[in-house]
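First the structure, in the form of structure tokens, and then the observations on it.
Within every chain, numbering begins at 1; the chains are lettered A, B, ... in the order of the sequence lines, protein sequences first and strands thereafter. Side chains are part of it too, since the values below use all heavy atoms of this structure and drop only hydrogens, waters and symmetry mates.
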Amino acid sequence: MSLNSIFQYFVPKDKKFFPLFEQAGANLIEMAKLLNISVNSTNLEERKELSKKLEDLEHVGDNITHQIHLELGRNFITPFDREDIHALASSLDDVADFIHGASNRMQLYNVEQPTQPMIEITALILEATEHVAKALFELKDLKNIRNITDSCVRINSVENKADYIFDKAVADLFEYEKDAISLIKQKEVLSAMEDATDKCEDVANVLESILVKNA
Amino acid sequence: MSLNSIFQYFVPKDKKFFPLFEQAGANLIEMAKLLNISVNSTNLEERKELSKKLEDLEHVGDNITHQIHLELGRNFITPFDREDIHALASSLDDVADFIHGASNRMQLYNVEQPTQPMIEITALILEATEHVAKALFELKDLKNIRNITDSCVRINSVENKADYIFDKAVADLFEYEKDAISLIKQKEVLSAMEDATDKCEDVANVLESILVKNA
Amino acid sequence: MSLNSIFQYFVPKDKKFFPLFEQAGANLIEMAKLLNISVNSTNLEERKELSKKLEDLEHVGDNITHQIHLELGRNFITPFDREDIHALASSLDDVADFIHGASNRMQLYNVEQPTQPMIEITALILEATEHVAKALFELKDLKNIRNITDSCVRINSVENKADYIFDKAVADLFEYEKDAISLIKQKEVLSAMEDATDKCEDVANVLESILVKNA
């Protein structure tokens, strides 16, 4: 056990951050679920409703980020370095932005029928957010570092899968989609979705960096 | 007041960094102003001249960044962590790169007439750089943390607006622009402009991270 | 000499990280060389083979990153801050991902004949990885900070050149390529290549940040 780990048993720490990170994680899962329902729905009106709900949940996420910032202002002692709490909150905020962004683009660009690769990447976004939430849940108990590392490895693996599906989908567009504007449109929606998994990978990177700092 | 804040009254600090950051901020405003004049001009020759001036100002920015690095090499004591000074200088450099990049793309791609969304996003870039410069000006006096936080919140809000205009503009291109190559060209120019506001948001993130570290 | 530099002569440090970083650097050069051979080959079968080899080398890189993480878990004392070792390893991993990504896109998108700008940017990727490897080699001997700084400056300069070639190539596509889908395809491949030099610049940024922290 490192000096740092021993140290943490003697220092009283404000525990207010952990419930907030857990809320942020739960909110991301909720958003990913709505995006999933949306790409699997053929009802344009339902998809419009879901996109509005996603916008609301993005604001919920903004509020959680804001509360984490307020706590940072109030607490001198934090469970890990202040700038890392800030970096983690920012990276979670980015995930919410991109999930909402993917849904928003589908609405704005009038995507009538989500394609198979869109459905697949969206399922991977949900999987990634579940691992993110799990890692955030374990964060309060740094004894289970292995569980957090494990979630990070899984997030990376999900991102790789999304990358692969994205590349293949774009290659297929180049081969079969002869309408250039429709091609660009689909590529942009797929790209927003793939970016959401990239942002989950960024969260994993921040988590890993926190772990190595406090190992 | 945190221990850290008390500490800073006893440690003599090199103040050479603050004027350099203020110069970097002023240079960004100047660049954003030239880009604004450019997108509002119908004179192709004038726009070519402005693009050259923007390239010169980007070099001015490079020199400021270089001087900040030289000062980092000379000073053992810095007003805040050395790596944060480096990160802040880099993020300001990025803003300059993207403002120049937006102008450069318009020249390279022979954009004859900047569109309404280009004019609007460029106005937002100017607004964002003004908030960036204001935050950098307040940096030397960490007593006014609220002012810096306030500027960061405003930069985020400006970036959201730019994002919204960008998404709407691309949606309109998909609906009304039937020439795919012209669509891509306009999308690329808009995207470079929107990226400039993203880079301002990155500056705000570095500033917030410095604030929470030294709160 | 700063206090920090004096300090490092008295602290025993684990030297296991340096050979791993050197291996990562050598692996990047190897990858860049294969990509170079590939874009200069007219033999589609050879290019397919090279793309497979690049995938293997990307896995070699993943293993090196993994070993760096294992060493971080084992060693309490590290030659520089733990989170910086993590950041450096991640940034090197990204370079490998994008070199492989560029090759992968050429395969997936059925690029039959790499263009002149693709050949030129690929040559710059090789140049950048050579400077990255040189900087990593010098890292074990922080007395030669000037050499590392020099490599970082060169990486930045190579990235600027790649940026310039990319912008010019895209402008030419807009002027001469009348098939929109072929235009997008070429732009995507060029963009993956240019991104690889961006990722080398990110490595330079991490290195510079480590240097200023330990100056």
Taking R47(A) for the side chain and E112(A) for the main chain, is one N or O donor matched with an acceptor at less than 3.5 Å?
yes
If you draw a 6.0 Å radius around NZ in K140(A), do more than 12 non-hydrogen atoms from other residues or ligands fall strictly inside?
yes
Could you tell me how the ring of F80(C) sits relative to the ring of F21(C): parallel (under 30°), tilted (30 to 60°) or perpendicular (over 60°)?
parallel
State, with a plain yes or no, whether a side-chain heavy atom of E49(C) is found less than 4.5 Å away from one of E46(C).
no
Is it true that K168(C) and D172(C) make a salt bridge, defined as a side-chain N closer than 4.0 Å to a carboxylate O?
yes
Main-chain N/O of F98(A) paired to K199(A) side chain as donor or acceptor, under 3.5 Å
no
For N104(C), is it the side chain, the backbone, both, or neither that has a heavy atom closer than 4.5 Å to a heavy atom of chain A?
side chain
Interface moiety of Q107(C) toward chain A, non-hydrogen atoms closer than 4.5 Å:
neither
Applying a strict 4.5 Å limit to non-hydrogen atoms, the region of I184(A) in contact with chain C is side chain
Are any side-chain N or O atoms of N40(C) and backbone N or O atoms of I119(C), one a donor and one an acceptor, separated by less than 3.5 Å?
no
At under 4.5 Å between heavy atoms, what parts of residues 82-93 of chain C are in contact with chain A? List them by residue number.
R82(C), E83(C), H86(C), S90(C)
